Structure formats: C-alpha cells, structure tokens
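This report concerns only the one structure given below.
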Amino acid sequence: MPVAVFIEESALSSHLTQLASRLQNIAPFHVMELAKMAAELERQGRHIIHMGIGEPDFTAAQPVIDAATRAMADGKLQYTSATGLPELRAAIAAHYQTVYGVEVDPARIIVTAGASAALLLACAALVEKDAQVLMSDPSYPCNRHFVAAFDGQAKMIASGPEHRFQLSAEMVEQNWCEQTRGVLLASPSNPTGTSIEAGELRKIVETVRSKQGFTIVDEIYNGLRYDAEPFSALSLGSDVIVINSFSKYFNMTGWRLGWLVVPPELVQPIEKLAQNLFICASSLAQHAGLACFQPEALAIYEARKAEFQRRRDYIVPALEGLGFKVPVMPDGAFYVYADCSAWSDDADQLTVDILNKAGVVIVPGLDFGPSTAHQYVRVSYATSMENLQEAVARLKAFREQHVKS
C-alpha cells in the first residue's frame with residue numbers, strides 16, 4: 001500500500017509565501033483580467049465582441065496544417081538542436097533576403113519557443129542585476145517584465161504622439177546613464193501599431209553603438225506593415241539583435257514558434273542558454289513552420305494582410321466618428337491606440353463599463369505604461385469586419401446612453 005504523506009497546512013502556507021522578491025517588479029496583465037471578465041459574461045450567455053487580446057482571428061494556413069499532419073504521420077517529433085532545424089533556419093534567412101534584401105547567415109538565427117522565449121534568452125544573455133534598459137512608454141508590458149526577471153531595470157521614457165509613441169535617438173542620448181546597457185524597441189509596436197521611421201532607427205542604432213550598448217528590436221509585427229516598403233533593422237548591422245515570431249503574420253499563436261537573430265559572438269552563449277532553459281522549440285511546430293515559406297502559403301498570408309489593412313482603414317475613421325482621437329495613424333500590426341479623454345478621464349473604468357454594458361472588449365492604457373494609462377485605450381482589429389461594424393454600433397449606443405458630451 002502506498003504511504004500517504006500529509007503536510008500541515010500552516011507549514012505549506014508558510015513555505016509558499018517565501019517567494020522571490022523580483023516578483024514584486026512584475027505587474028498583473030490587465031488585458032488578461034478583462035479577458036477573464038469577458039469569459040465569465042459569455043458563460044452567462046452574453047455575446048461579447050473581442051477587440052482586446054492581440055491574436056489574429058485567422059489560424060495557420062492550410063499548407064502549414066498539412067505539413068504538421070505529415071510530420072506527425074512520419075514521426076518527426078523528436079528533439080531538434082537547441083538552435084532549431086537547419087532547414088528552418090535556412091528558410092528564415094532566405095525570407096530576409098527575398099522580402100527585405102538583407103543577407104543573414106542562418107548560423108545567426110536561433111529558433112525559439114515563440115518570441116517570448118527569444119526575448120527571455122536575449123535578456124538572460126545581456127541583462128545583469130541593476131542594468132538599465134531603455135524602452136518607450138507606451139510599450140508591450142511583458143518586455144519590461146523580461147528585463148525585471150533578470151533583476152534589471154526597464155526605464156520607460158514617455159513617448160507621445162509627437163514621437164509616434166516611439167523612442168528617438170535624441171531621447172536615447174538624453175536618458176543614457178552609467179547603468180544603461182541598451183535599448184529594447186518594437187517596430188511596429190504593440191500597443192500603438194506605429195513603426196520607427198528607418199532613418200530614425202538608424203540614428204538610434206548608431207547612438208547605442210557609440211556607447212557600446214545593445215539594441216534589441218522586436219519585429220514580430222514587421223510582416224504586417226501597410227504604408228511603407230519592407231524594412232528590417234537587420235539591415236543596420238550585424239550587431240543589431242532582432243526578435244520575430246510565427247504568431248502574428250503567420251497566424252500561429254498557439255504553436256509557440258519564433259526566432260532570434262544575433263551577432264555571431266552571441267550564438268554560442270545563447271545556444272547554451274537555450275539548451276538548458278528550453279532544450280528546443282516544438283519539433284512539430286518547426287516542421288509545420290517550414291511550410292510558411294511555400295509560395296502558396298505566402299499568398300494566403302499576403303491576402304490576410306490586405307484584409308487587416310482593410311479593417312484598419314474602416315475602424316480608424318469609425319472610432320474618430322465616435323469621439324475617440326487617433327493622433328497617429330497605425331501603419332502596422334492590428335492595433336489602434338486611441339485617446340478616450342472625450343469619453344472619460346479614467347480609461348480603466350471606461351473599458352470595464354464598455355464590456356459590461358456594450359459587450360465589447362477593448363483595453364486601457366494601464367498595461368502599457370504610466371504616461372498614457374488613463375487617457376488611452378487600445379483597440380485590436382484582429383476580428384472580422386462584421387464584428388467591427390457591430391462593435392462600432394454598440395459603442396455608439398453606449399456613448400449615447402452613458403457618456404455626457
């Protein structure tokens with residue numbers, strides 16, 4: 001008979017409260033809290049339109065699904081090397097050459113368990129205790145939390161609409177100090193959907209380079225840029241570190257597959273970290289990801305990109321017609337960052353009220369940094385045109401009933 005082991009509740013409770021102090025630097029993700037509230041309303045029978053979480057409503061293209069099915073049938077499910085399948089790394093490198101005109105050695109590409117793992121590896125390799133990393137305010141909250149996870153400090157720099165909600169070289173120069181080790185940028189950005197103009201990005205890289213710091217550029221939305229020629233920060237030098245993912249342009253969010261492009265001298269250190277932290281990215285997802293670069297799959301993704309642009313071109317003027325102010329036209333991703341001050345001076349409460357009374361999920365600026373926390377909301381248009389039109393109708397009715405002009 002197995003022996004049952006009982007632990008006194010008081011002892012267990014005491015043990016579990018001895019948590020690492022770094023957890024105090026990790027804030028809750030309010031986007032997910034709203035998602036939980038929405039799920040509860042749906043369980044009660046409410047119809048909710050989701051314009052909160054940044055997830056494409058499209059799923060993996062059929063050639064990708066077919067490739068995954070073949071990989072399972074063929075038993076291609078064992079570990080790969082920590083850096084990823086050689087043929088997938090070569091396909092990613094070829095994609096950079098074809099789309100961006102940038103030659104990248106496949107040896108510099110490390111396949112990861114999503115862009116989150118790529119950022120984790122980059123920060124593990126580069127961020128030391130009390131090291132400061134500059135980033136824009138607003139920006140994706142998990143980026144600063146990756147820095148905090150390694151006991152570094154994210155310095156959020158208020159970056160308003162006059163700066164396209166992005167850092168500039170001048171801002172980097174003004175905020176660099178003895179503790180600063182680098183910058184973490186996102187272009188296009190979550191939550192704003194805005195990109196850093198290529199010339200300005202070059203100046204930022206040159207500024208950081210002159211200070212012997214590192215530049216990490218999150219390009220997970222780079223495939224979804226609508227108003228400019230394709231451009232990658234990799235064209236600015238082999239010392240620029242780039243993060244990318246199969247989640248957004250390739251619509252593979254739950255597959256957890258991404259990549260990291262690093263300078264040659266960082267390949268071995270990051271490979272060592274990946275071996276210990278992850279072993280490898282999902283082998284099934286890697287074999288499926290290979291199919292993303294087939295012509296028939298790319299044609300599907302380009303058609304979906306055009307649909308995202310069509311939705312953007314509908315939702316931005318529709319929001320402005322409702323009294324929201326969109327100070328910068330989003331040129332990428334699938335977000336609109338809108339000033340809601342004509343509706344309320346408390347974006348957090350406003351989004352809760354809109355959810356409960358209108359059945360529409362949008363999220364407050366609270367997650368993305370203090371400078372826009374109460375004045376802005378993020379609206380995701382990664383949903384169908386029919387849902388967008390219904391959401392606009394519901395928001396119009398909500399304002400007429402609950403918002404004083």
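Counting from 1, the numbers follow the sequence of the chain as shown. Treat the numbers as computed from the prediction; the structure is a model and nothing was measured.
- By the 4.0 Å N-to-carboxylate-O rule, Lys396 lies close enough to Glu400 to be salt-bridged with it.
- Using a 4.0 Å cut-off between charged side-chain N and carboxylate O, Arg304 and Glu307 make no salt bridge.
- Counting non-hydrogen atoms of neighbouring residues, nucleotides and ligands closer than 6.0 angstrom, the NZ atom of Lys325 reaches no more than 12 such neighbours.
- Looking only at atom types and distance, the side chain of Gln286 has a donor-acceptor partner in the side chain of Thr80 under 3.5 Å away.
- Lys203 and Glu170 are not joined by a salt bridge, as no carboxylate oxygen comes within less than 4.0 angstrom of a charged side-chain nitrogen.
- Ion pairing between a basic and an acidic side chain is recognised when a charged N comes within 4.0 Å of a carboxylate O; Arg378 and Asp367 show no such pairing.
- For Asp227, the salt bridge (Lys or Arg N to Asp or Glu O under 4.0 Å) test picks out Arg312, with sequence neighbours left out.
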Determine, stepwise, if the pair Ile196 / Leu167 fulfils side-chain contact (heavy atoms from CB on, under 4.5 Å).
CA-CA 8 Å; Ile196 305 174; Leu167 294 187; 5.7 Å; no
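- In this structure, Phe58 has its ring center closer than 6.0 angstrom to the ring center of Phe308.
- Between Tyr335 and Tyr140, a ring centre-to-centre spacing not shorter than 6.0 Å is recorded.
- What you find for Pro364 and Phe368 is that their closest heavy atoms are O-CE1, 3.5 Å.
- Applying the side-chain contact (heavy atoms from CB on, under 4.5 Å) rule to Ser341 yields the partners Asp339, Gln375; only residues at least two apart in sequence or on another chain are considered.
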